[in-house]
Number of protein chains: 2
Amino acid sequence: MVGARRCFARNGFHATSMQDILKEVGLSAGAVYRYFSGKEELIEAIAEEAFSVLHDAFDEAARQSPPPLPDELLGYVLRQCFAGTGFDTEREFGQLVLQVWGETTRNEVLGAKVHAAVTMMRAGWTEVVKEYQRQGIMPDDVEPEYAARTLMGCAMGFIAQQALFGDLEIDQLQQGLRGVMRMQVTGAS
Amino acid sequence: MVGARRCFARNGFHATSMQDILKEVGLSAGAVYRYFSGKEELIEAIAEEAFSVLHDAFDEAARQSPPPLPDELLGYVLRQCFAGTGFDTEREFGQLVLQVWGETTRNEVLGAKVHAAVTMMRAGWTEVVKEYQRQGIMPDDVEPEYAARTLMGCAMGFIAQQALFGDLEIDQLQQGLRGVMRMQVTGAS
DNA sequence: TTGTCAAGAAGGAATGTTCGTTTTAGTTTG
DNA sequence: CAAACTAAAACGAACATTCCTTCTTGACAA
């Protein structure tokens, strides 16, 4: 399973052959097909595992009370993701997530699950933003859901950058985000 | 070419067969192979086209003087991307970009190009942040490159969300980002 | 202790299919 | 006439999957 993950992260779901995986995990075809009915099932299993790491991290972060400021919140999410479950590197996790997002277009079953999960995640983060507003930290004229999507997008963008380069530290995102949060803009732009 | 793009966006590079493309574009094998030596070349051509839309948008946005505030900057980038070159929908563009990012791991040639391009883009955006600091809009104790990466990540995250759901408006990101920019935080968190 | 046996696990060659690509000969189009 | 294209067949390679064999294990009886 961990070997299949490595293969998929490296080469993508559909450019990875079963033989690639068999070689990586050092098993024969018969052994693998005892546990998975086929490649599609293996893909779904690994995609759902990776996505649930994402899901749990976002959900758990939003449940903190009182909610930490955005920089802490994103730092928490990302650290949780990468600490998740035994990925070799942070980059590998990002690469796999990228594959999962791509697969979402193709696989309707996976797509429905991701859609439902993200809707839930978004609701949690929207509540966080509302709490910011209650505390007077975030201006009231901002639609909470939009701010929530923006913050989630920020985290997603970090994961994408991590996948592409692997040379990005969470502290750097936090510092950058703090900079944006503390900008001296009065009205809007 | 536009047909191949549609196929790749829908099913990914490697789950799309040549036959799929031939059917979509209504050409025979002989016609396509007159212009592309093979599938790999077709993939690279379309990947580079999609990525160059991204690249041009980011670069052009950073060259504006004086630089607009982040919300305007990101709005400009994303509108430029989606207006780019004849994609059917904004979502289709996002899906293709996701595929390109995923392919970057696999294809070293493409990976090197993307890496070089992003390094350039990052430099331009870092200059924008330095200009913010010169104008006293952005606090000085923030490493400009980190803030640049954060903003770029925010745009990348929007594209990813667009690919996954297609139900996101650029104005919403802008409003959300404005909210983050105007948060009432004094020190840090 | 030793031998037996059943069942689960893994091996690995074989299978049929699909894929990317090439080739051929004929057809349209400017 | 020439360039571009079609249609269809054919190719080997690569692929996912199957099927039968072999190995391992643990319970149990002699």
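Predicted model only: the values in this text are computed from it and were never measured. Residue numbers begin at 1 in each chain, while the letters A, B, ... track the order of the sequences.
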(message) Taking only side-chain N and O atoms of B:Q19, does any of them lie within less than 4.0 angstrom of OP1 or OP2 on C:dG20?
(response) yes
(message) Quick check on C:dA10: is either OP1 or OP2 less than 4.0 Å from any side-chain nitrogen or oxygen of A:S28?
(response) no
Just the rounded figure in Å: distance from [atom2] of [N] to [atom1] of [X].
X	N	atom1	atom2	value
B:Y33	D:dA7	OH	C1'	16 Å
A:K39	D:dA14	NZ	C1'	11 Å
B:F36	D:dC5	CZ	P	12 Å
A:R34	D:dC20	CZ	C1'	13 Å
B:H14	C:dG20	NE2	C1'	13 Å
A:L22	D:dT17	CG	C1'	11 Å
B:N11	C:dC19	CG	P	11 Å
A:I43	D:dC15	CD1	C1'	13 Å

(request) Pick out which of A:Y35, A:Y33, A:F13, A:F36 makes a side chain to side chain contact (heavy atoms under 4.5 Å, CB included) with A:L42. (result) A:F36
(message) Are A:L54 and A:F93 packed together at the side-chain level, in the sense that at least one heavy-atom pair is separated by less than 4.5 angstrom?
(response) yes
(request) Check whether any side-chain heavy atom of B:H14 lies under 4.5 Å from a side-chain heavy atom of B:R106, and answer yes or no. (result) yes
(message) Measuring from the side chain of A:Y35 (C-beta onward, heavy atoms only), which nucleotide among C:dA9, D:dT6, D:dT17 has the closest atom?
(response) C:dA9
(message) Starting the side chain at C-beta, find the nucleotide from D:dT6, C:dG11, D:dT17 nearest to A:M18.
(response) D:dT17
(message) Under a 3.5 Å threshold, yes or no: a donor from one side chain and an acceptor from the other, between A:E48 and A:S52?
(response) no
(message) At 4.0 Å (heavy atoms only), tell me whether B:T16 reaches a base, stays on the sugar-phosphate, or touches nothing.
(response) sugar-phosphate
